[in-house]
There are 2 protein chains.
Amino acid sequence: MASRYHLQKKEREIKDPNELLAIIKRGKFLTIALCRNNAPYIVTLSYGYDEKRNVFYFHSRQKGLKGEFLKSNPNVCATIIEDRGYIMDECAHEFRSVVIWGRMCFVEEMEEKKRAMDVLLCHLEDNPDKIKRESLSNDAVYRHLAMLRLDVTEINGKWGR
Amino acid sequence: MASRYHLQKKEREIKDPNELLAIIKRGKFLTIALCRNNAPYIVTLSYGYDEKRNVFYFHSRQKGLKGEFLKSNPNVCATIIEDRGYIMDECAHEFRSVVIWGRMCFVEEMEEKKRAMDVLLCHLEDNPDKIKRESLSNDAVYRHLAMLRLDVTEINGKWGR
């Protein structure tokens, strides 16, 4: 939504969904703003993006401050930054960025946990099957594995310098 | 505070203040979690760090969603990520990260605006005097310039893979 984005002179909104998707696919991690009782918190996590379902998956621990925040308030705002470097003598930093609004929760079902891990490994790894064969060959592994899902409600992007 | 940080096996807390400072000095931008009426928001900004005063300075617009959030709730949680790259076949991403808690506000006084811009340019630019000479040679420029200050209450760091 344009109203959520107050672009500066040096910035431009990315309107092309394919360009947004390309940034998401190139990215490896995103930074998430959480809040609880009006107190902010921030975490950075490796992600996998499920394009068909428009959700992000993350590997996580069951316990921890992030989980406590999410139980209190599942609404999050996350960002992926494609850093193209600072431009000396021009007081400018070249970047592409994506901002995502949505709700985040733990994945409960075994089948979705498996799919989530598959999405994550396929996003991050050049050869995901190798890790799957070596580390995820039986269901017991998944029982101790916590996965998070971010259901996207809105995505915006901009580039700037 | 250790209680705020739930480190995973692959992560280690950075306890050495000089190491934290080095990451802050190497960084060019940080990502800030804001919240208003328990709704999260996220922005990424170039920064300058004033080591003596333990504050971060940013160039900003007076108007915009970020300012509205800060007026409603000045408490922020920010992070600097030093991305050292994904390690293929190991399902691991090497990084250093700093998390900062504090309060953020607009700089009102002309003298502090000048100092803030000086801190920002000295942090970002190899030759800050050139830009100062060319673009900031008179006070009128500063009157239309909005600067933000983040007063740090706590900084933590970790490295991981």
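Because the structure is predicted, anything quoted here is derived from the model rather than measured. Note on naming: letters A, B, ... go to the chains in the order of the sequence lines (proteins, then strands), and numbering restarts at 1 for each one.
In the hydrophobic clustering of this structure, B:L145 does not group with B:Y47; members are Ile, Leu, Val, Met, Phe, Trp, Tyr whose side-chain heavy atoms approach within less than 4.5 Å, directly or through other members. If you chain together hydrophobic residues whose side chains sit under 4.5 Å apart, B:L148 and B:Y142 never meet in one group. Follow the hydrophobic side-chain contacts under 4.5 Å out from B:L136 and you reach A:M88 in the same cluster. Taking hydrophobic clusters as Ile, Leu, Val, Met, Phe, Trp and Tyr residues chained together by side-chain heavy-atom distances below 4.5 Å, B:V152 does not share a cluster with B:V55. In this structure, A:L150 is a member of the same hydrophobic cluster as A:W101, with clusters built from ILVMFWY side-chain heavy atoms closer than 4.5 Å.
Counting heavy-atom pairs closer than 4.5 Å to chain A, the top residue among B:L34, B:D89, B:V43, B:I131 is B:D89.
Contact check for B:R96 versus B:E19: side-chain heavy atoms found under the 4.5 Å cut-off. Side-chain contact check for A:F95 versus A:K158: some heavy-atom pair is nearer than 4.5 Å. At least one side-chain heavy atom of B:I155 sits under 4.5 Å from a side-chain heavy atom of B:I24. Side-chain contact between B:H59 and B:M147: present, with at least one pair of heavy atoms (C-beta onward) separated by less than 4.5 Å.
Rounding to the nearest 0.5 Å places CG of A:D151 at 10.5 Å from CG of A:D50.
Contacts of residues 25-33 of chain B with chain A at a heavy-atom distance below 4.5 Å involve B:K28, B:F29, B:T31, B:I32, B:A33, listed in sequence order. Using a 4.5 Å heavy-atom cut-off against chain B, the contacting residues of residues 69-85 of chain A are A:N73, A:N75, A:V76, A:C77, A:A78, A:T79, A:I81, A:D83. Residues of residues 106-127 of chain B that come within less than 4.5 angstrom of chain A, heavy atom to heavy atom, are B:L121, B:L124, B:E125, B:D126, B:N127 in numerical order.
Residues forming a ring pair (Phe, Tyr, Trp, His ring centres under 6.0 Å) with B:Y86 (at least two apart in sequence, or on another chain): B:H93.
Of the residues listed (A:Y57, A:F56, A:F58), the one engaging A:Y49 in a ring pair (Phe, Tyr, Trp, His ring centres under 6.0 Å) is A:F56, and it is the only one.
Contact annotation for A:I42: both backbone and side-chain heavy atoms come within less than 4.5 Å of a heavy atom of chain B.
Between A:C35 and B:P40, the closest heavy-atom pair is SG-N, 3.8 Å.
Of the possible polar contacts, none joining the B:N37 side chain to the B:A39 backbone as a donor-acceptor pair under 3.5 Å is found.
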